[in-house]
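Below: the structure, in structure tokens.
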Amino acid sequence: MASRFNPTKADAHWQTVWEDGGTFRASDESGRPKSYVLEMFPYPSGRIHMGHVRNYTMGDVLARYRRMKGFEVLHPMGWDAFGMPAENAAMERKVHPGEWTRANIATMKAQLKRLGFALDWSRELATCEPDYYGHEQALFVDLFEAGLVYRKESEVNWDPVDMTVLANEQVIDGRGWRSGALVERRKLSQWFLKITDFAEELLDGLATLDQWPDKVRLMQENWIGKSRGMKFRFALDAPERGAISEIEVYTTRPDTIFGASFVAVSPDHPLAQAYAANSEEVAAFIARCKQGGTTAAELETAEKLGLEIAEAVHPLDPDWTLPVFIANFVLMDYGTGAIFGVPAHDQRDFEFATKYGLEIQRVVAASADQADKPLGGEAESGDGVMVNSRFLDGKDTETAKAAVIARAEAEGWGEGSVVWRLRDWGVSRQRYWGTPIPIVHCAGCGAVAVPKDQLPVILPEDIDFETPGNPLERHPTWKHVACPSCGGAAVRETDTLDTFVDSSWYFIRFASQPGDRPFDPKVAASWLPVNQYIGGVEHAILHLLYARFWTRALKHIGMIDLAEPFQGLFTQGMVTHRTYKDTDGNWLLPEEAEAAKAAGRQVEAGRVEKMSKSKRNTVDPEPIVDQYGADAVRWFMLSDSPPERDLEWSEAGIEGAWKFVNRLWRISEASEAAEGEDKTLDRKLHQTIAAIGTNIEALAFNKAVANIYELANAIEKAPPSASRATSVATMMRLVAPMVPHVAEEAWAAAGHAGLVADAAWPEADPALLIEDEVTIAIQVNGKLKDTIRAAKGAAKEEIEAMAVANAAVQRTLAGAAPRKVIVVPDRLVNIVA
RNA sequence: GCCCCUGUGGCGGAAUUGGUAGACGCGCUCGACUCAAAAUCGAGUUCCGCAAGGAGUGCCCGUUCGACUCGGGCCAGGGGCACCA
């Protein structure tokens, strides 16, 4: 009566049962301990891809496991629904971005449902709807009023043909990715969030995130980029030129102050600008510095350029003057926009000094007697002993740094200082499909926040993409409003918010979504922080940093009592697939490659790479679900590859997963009631229960899968017994988080009441985790010779005697007496010959 | 350039605090069932060797009774940042 598992029927049936029963709805009022499991919400690009399937399967296993462990689990889903692809689609296909986005959401939601994820759909949200972004506007207004939002001029990449601002990644070889026009740098007035106010906190907070990958914490640490050094001032020797009489520089190497041979300022530095105002030559030089691309490759090879404009006085020697240059390699937005050059100990300064014939004086050496050792054609940036440095001579680098800072502070020309790499977050986007920035510009009152009772500021629907530029800007009526403050004629801000703002607080809205405000602090706090957050490593810096900042900003204004938004973070690997090309070098879809091979044409198999449309190596999950059912796809996503590494999609892999789903079904069907206990199987079962729990909690799904295989092997080998029947029933609970449909089907077929999804996770019996007999390895000089079985906890002497008497040992010793015998109880004996 | 991660059979990968390397899966080989195939089941599968035995976790050194695991130095692949003073 063996039957095949029918996923088409079973999947639909159980999905309906779960949905109708509200099985996965999270209750705010629950008395059970709460657990919040979240995967990064998707952008509704059109269809679900394998990366989504892998991401959401992992989260689903954890969510279902925690439910069975007795937690009230919040596992929601929503849509990161604003963004450029919708506008691109609007331009290409003449559909409204909203229409396109909402259709994609409907498609993808249906696709997700077919995978049987244990999601609370009642909390679904889409960031493009006013009932989400309206609350975001309210939060923005709160931050604005708290002084965490400000406006400043900032350079953007401007595409003169599309009349739009481009993100850095949309500039390819200095040209707009769509128009191909040469990109200009333009200054626009833009809104910024004061993330730098929280730099120290964001850095310190990383130390508390012990459930985050070290890699991500390190990336954030580097991104925040705390640097300790000294700011100090050079007096200018030509004070008559402009009002500026000194230059402040920043350095991390105050110890090298006597190795200085020049001072350099950025072309954007006020001093450079002041000189440019009076000099054609300087103005022309600055213009030249600004030419050229900003790509990494161009900067790499860019020649160092300098123009000498003045002289500065060394702060430690009034008779020592240094040339002041405008130099193209000095950045205005790091430190003070000015440096002092120490060519012997900084490679950039070395190149600059070499080009302009400036002095290169060693001030750091490996030892005091190497003060005159010539440099080997490049700067030496390491630590050492100070030489040629007057009062610093003989001091080590760290002592010298402290000595210089102490002297500068005592004499008042400088002070120890911390500089951050982190910049404030520019959130203005000159686009339509985003959250309107709730600000009104009034000639009399300036920038005025839209009062909360006038929120949301809703995006107009009647827009056109026929002409380039921001449709909000040229909409006939939308931007014209009365000033909320004085009532006079005013205009709305037509920029929209960076979509990273939308994703900076959606996890709070999932936890609590009242209609009249962004969230209820009490309810939100009852769920937060997110206990386990799962997503791609590509969000390691920006999204995660912005969400951490946003949380702190809300805490700062007293809206939420939460230190960190994400307690545990897991970054999963990508789903990859082999690429194929035909003989003309065109990428082929996997099925095209198959067809071509079948037709006898030559196909070149390329590298295994991340699934991408451009390489045509994608596999659409939906037909796979049609063919094998949700469980096989889920099982494959969890098998073999560790979740943090890439997973290669393969036909063989999904076939294997499908076979296992059927094997589970056969095992459950063939289970018959029988008498008698099977101690070996009992042990295996309880060891498996313990191991799977540990592995799921560690998100080591590949190991949990291996545990299940081992148990299945043991069950199939075991003769009928009461233990065997128990093992089969228990196994259905153990696999339920991973392959929930077949588990429900088998659970119901076995006559259990209720859903396996609601069943309690089995408890491992500690007594059964311990073996009473162990295998002990017998080594000679660390090389394995034999193994023996012995009672657990057997006396050392007894084991040692057995080992020495062992035939293989005797053969190896060849009559010689052992020099030493090491016995590790219950593990091994090593005989040193 | 700076910072970080990874390297184990034909393949994906296992291996508490150093203690039997290769669990589990894929693939492959042989066998059973079948007219045949699929599905399923059984046996085997790191390498060399008929065997006894030996070698083996990117390479070289070291610590240790014992090293995939710890230390030093290389090599290869991947990632992050980057004219950041």
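Order of the sequence lines fixes the chain letters, A, B, ..., with proteins taken first and strands second; residue numbering starts at 1 for each chain. The structure displayed is predicted, hence computed values, not measured ones.
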Any Lys/Arg nitrogen of A:K231 or A:E248 sitting under 4.0 Å from an Asp/Glu carboxylate oxygen of the other? no
Within the 4.0 Å heavy-atom criterion, would you say A:V330 contacts the bases, only the backbone, or no part of the nucleic acid? base
Looking at B:A82, I'd like to know if its phosphate oxygens (OP1 or OP2) sit under 4.0 Å from a side-chain N or O belonging to A:R421. yes
Which part of the nucleic acid, if any, lies within reach of A:D333 when heavy atoms closer than 4.0 Å are counted: base, sugar-phosphate only, or nothing? nothing
Base, sugar-phosphate or nothing for A:K226? Non-hydrogen atoms, less than 4.0 Å. nothing
NZ/NE/NH1/NH2 to OD/OE distance under 4.0 Å, A:E773 and A:R789: yes
Considering only side-chain heavy atoms of A:L218, which listed nucleotide, B:G19, B:C3, B:A14, is closest? B:C3
Taking atom P in both B:A67 and B:G54, what distance in whole Å separates the two? 16 Å
Which helical stems does RNA chain B take part in, if a stem means at least 3 consecutive Watson-Crick or G-U pairs with both distances below 3.5 Å? B:1-7 with B:75-81, B:10-12 with B:24-26, B:27-32 with B:40-45, B:46-48 with B:53-55, B:58-62 with B:70-74
With heavy atoms under 4.0 Å as the rule, sort A:T775 into base, sugar-phosphate or nothing. base
With a 4.0 Å cut-off on heavy atoms, is A:R645 in touch with a base, just the backbone sugar-phosphate, or nothing at all? sugar-phosphate
Tell me whether the side-chain N or O atoms of A:K304 pair up with the base of B:C83 as donor and acceptor below 3.5 Å, since no angle test is needed here. yes
Assign B:G77 to syn or anti; the rule is syn for a glycosidic angle within 90° of 0 and anti otherwise. anti
Ionic contact status for A:R578 with A:E651, cut-off 4.0 Å: no
So which of residues 632-640 of chain A are in contact with RNA chain B, with a heavy-atom cut-off of under 4.0 Å? A:D640
